[in-house]
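Written below as structure tokens is the structure these notes are about.
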Amino acid sequence: KSVAIQTRYALLIQKAWRRCCALVQYAKEVESVARIQAAIRSWLVRADTAAKGLAAVTIQSKWRCYTASSSYQKIAKLAIAIQMLRRGLQVRRELQFLGACASAIQATWRRYYAEVQYQVDLIDIILVQSICRRRMAVVEYKKQNAALIVIQSLARMCLAQKRCSYLREEKVERKRQQAASIRLQSVVRRRLAVQARTKQIQAIVLCQSMARRKMILRHQRREVISAVLIQKTWHGFTSFVDY
């Protein structure tokens with residue numbers, strides 16, 4: 001009986017101990033599960049918070065990028081409009097400056113062309129006058145020379161006649177020879193005088209033509225130098241405008 005009682009008590013004690021151990025183990029497991037759940041929930045909360053924070057940061061960055069891009073586009077449009085206005089004003093000013101320069105160059109060129117045309121006309125008039133005067137001088141000289149030759153021949157004839165009348169007492173043959181020699185001398189002298197005068201006229205005409213040719217060449221050189229200076233000025237102006 002005592003053994004049975006002891007056995008029963010031992011069983012009760014074992015049950016109680018086992019129940020206590022099971023409760024302790026269960027409490028430990030529950031605590032572990034609670035800790036695991038808390039850790040998981042905290043991790044989930046942190047992950048959710050991080051995701052929401054990243055999303056908020058992304059939304060903020062996108063919104064700031066959108067606002068910045070919209071403001072930048074507005075500023076860029078305004079800057080482009082200002083640049084367009086500025087460039088249009090600058091182009092209009094350059095066109096006005098180029099128009100004024102072109103007008104000045106045209107006026108200078110027309111004045112220069114008129115002066116050159118006037119000089120050419122003046123040279124032509126001077127050449128025509130010189131040719132007419134030379135021809136008139138030659139004609140007058142020929143007339144004077146012919147008159148002088150006639151006068152000389154008449155004077156010589158008179159002298160010869162006087163001498164012949166004075167020497168008429170001498171032999172007739174000698175008189176004829178003297179008259180013939182006098183006539184031959186007059187003819188030879190007349191021809192020599194005409195040839196010498198013709199050579200002098202030709203030399204004078206040649207000198208005049210050479211002098212006028214030199215004057216024309218000098219005038220042409222001046223015109224070429226003036227044209228080269230105008231071209232250099234124009235090229236310099238165009239290079240300056242391009243620069």
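- Every residue was checked against the salt bridge (Lys or Arg N to Asp or Glu O under 4.0 Å) condition with E29, not counting sequence neighbours, and none meets it.
- Linking ILVMFWY side-chain heavy atoms closer than 4.5 Å, directly or via other members, places W109 and V116 in a single hydrophobic cluster.
- With rounding to the nearest 0.5 Å, the separation of CZ in R190 from CG in L148 is 11.5 Å.
- A continuous path of ILVMFWY side-chain contacts below 4.5 Å connects I105 to L98, so both sit in one hydrophobic cluster.
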Output a table of donor-acceptor pairs, distance under 3.5 Å, between side-chain atoms of residues 12-21 and any protein atom two or more places apart or on a different chain; print 'none' if there are none.
none

Contacts under 3.5 angstrom, residues 56-76 side chains, donor-acceptor by atom type, not counting sequence neighbours:
residue, atom, partner, partner atom, Å
T58, OG1, L54, O, 2.6
S61, OG, V57, O, 3.2
S61, OG, T58, O, 2.7
T67, OG1, W63, O, 3.0
T67, OG1, R64, O, 2.8
S69, OG, C65, O, 3.0
S69, OG, Y66, O, 2.8
S70, OG, Y66, O, 3.1
S70, OG, T67, O, 2.7
S71, OG, T67, O, 3.0
S71, OG, A68, O, 2.7

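- When side chains are defined from C-beta on, I182 does not count as touching L159, because their heavy atoms never get closer than 4.5 Å.
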Under 3.5 Å, sequence neighbours excluded: what are the donor-acceptor pairs made by side chains of residues 84-97?
none

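- Clustering of Ile, Leu, Val, Met, Phe, Trp and Tyr side chains at separations under 4.5 Å places I40 together with I36, W43, L44.
- A 6.0 Å sphere centred on OH of Y26 holds no more than 12 heavy atoms belonging to other residues, nucleotides or ligands.
- Atom CD of residue Q117 and atom CD of residue Q119 lie 11.0 Å apart, to the nearest 0.5 angstrom.
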List, one per line, each side-chain donor-acceptor pair under 3.5 Å for residues 120-139, sequence neighbours excluded.
residue, atom, partner, partner atom, Å
S130, OG, I126, O, 3.1
S130, OG, L127, O, 2.6
S130, OG, R212, NH1, 3.0
S130, OG, R212, NH2, 3.2

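- Between R111 and T108, the closest side-chain pair of non-hydrogen atoms falls below 4.5 Å.
- Taking both residues in full, the closest heavy atoms of S186 and R156 are given as CA-NH1, 3.5 Å, listed atom of the first, atom of the second, then distance.
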